[in-house]
Every structure is written in C-alpha cells, then in structure tokens.
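Notes follow the structure.
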Amino acid sequence: MINMENKYFLAAVLLIMGIYDMSFYYNRRHQPNNQRGLKAYLIFGIILFIGGFYALFR
C-alpha cells in the first residue's frame with residue numbers, strides 16, 4: 001500500500017515528466033531533421049500526464 005506522502009510524490013513526478021515530454025515535442029516539432037521519434041515523446045507524455053492525474057485522485 002502506498003502512503004500519502006509517496007502518493008503525492010509519485011503524482012508530482014508523473015505530472016512533471018508528462019509535461020516535460022509534451023513540451024519537448026512542442027519545442028522540436030518544426031525542426032526539419034529527427035522527426036521520426038517525436039510522436040513517441042508526445043504519446044508518452046500524454047500517458048504520464050494521465051497517469052499522474054490518476055495517481056493524484058485515486
């Protein structure tokens with residue numbers, strides 16, 4: 001069982017990492033090279049962000 005301090009820490013880490021990955025995609029989307037892996041950052045960021053909200057309100 002996860003206690004309350006660990007729950008909020010986990011939720012904060014997931015939200016921050018999700019925002020970071022989505023901002024990485026947003027800042028690099030207009031560069032002409034290295035476009036192949038950018039969608040993965042967006043998808044992974046969305047998954048982490050949703051997981052952070054789920055961990056926060058669960």
Remaining members of hydrophobic cluster (4.5 Å side-chain criterion), Tyr20: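 Taking Ile, Leu, Val, Met, Phe, Trp and Tyr as members, Tyr20 stands alone, with no cluster partners.
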Non-neighbouring partners of [X] that pass side-chain contact (heavy atoms from CB on, under 4.5 Å), sequence neighbours left out:
{"X": "Phe9", "result": "Val13"}
{"X": "Tyr54", "result": "Arg58"}
{"X": "Phe53", "result": "Leu15, Phe49, Phe57"}
{"X": "Ile50", "result": "Ile46"}

Euclidean distance, Lys7 NZ relative to Leu56 CG, rounded to 0.5 Å: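 NZ of Lys7 is found 7.0 Å from CG of Leu56.
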Rounded distance (nearest 0.5 Å) linking atom CD1 of Ile43 with atom CG of Leu38: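 Answer for the CD1-CG pair, Ile43 versus Leu38, is 11.0 Å.
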Sub-4.5 Å side-chain heavy-atom contact between Arg28 and Tyr41: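 When only atoms from C-beta onward are counted, Tyr41 and Arg28 do not touch, as no gap falls below 4.5 Å.
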Going through the distances and angles, do Asp21 and Leu42 end up as a side-chain contact (heavy atoms from CB on, under 4.5 Å)? CA-CA 6 Å; Asp21 284 345; Leu42 179 64; over 6 Å; no
Same cluster for Ile19 and Phe24 if Ile/Leu/Val/Met/Phe/Trp/Tyr side chains link at under 4.5 Å?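 Yes.
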Please name the pair of heavy atoms, one in Gly52 and one in Ala11, separated by the smallest distance, quoted to 0.1 Å.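 Of all heavy-atom pairs spanning Gly52 and Ala11, the closest is O-CB, 3.7 Å.
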Taking ring pair (Phe, Tyr, Trp, His ring centres under 6.0 Å) as the definition, give me every residue that meets it alongside Phe44, ordered by chain and number, with sequence neighbours left out.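 Phe44: no ring pair (Phe, Tyr, Trp, His ring centres under 6.0 Å) contacts found.
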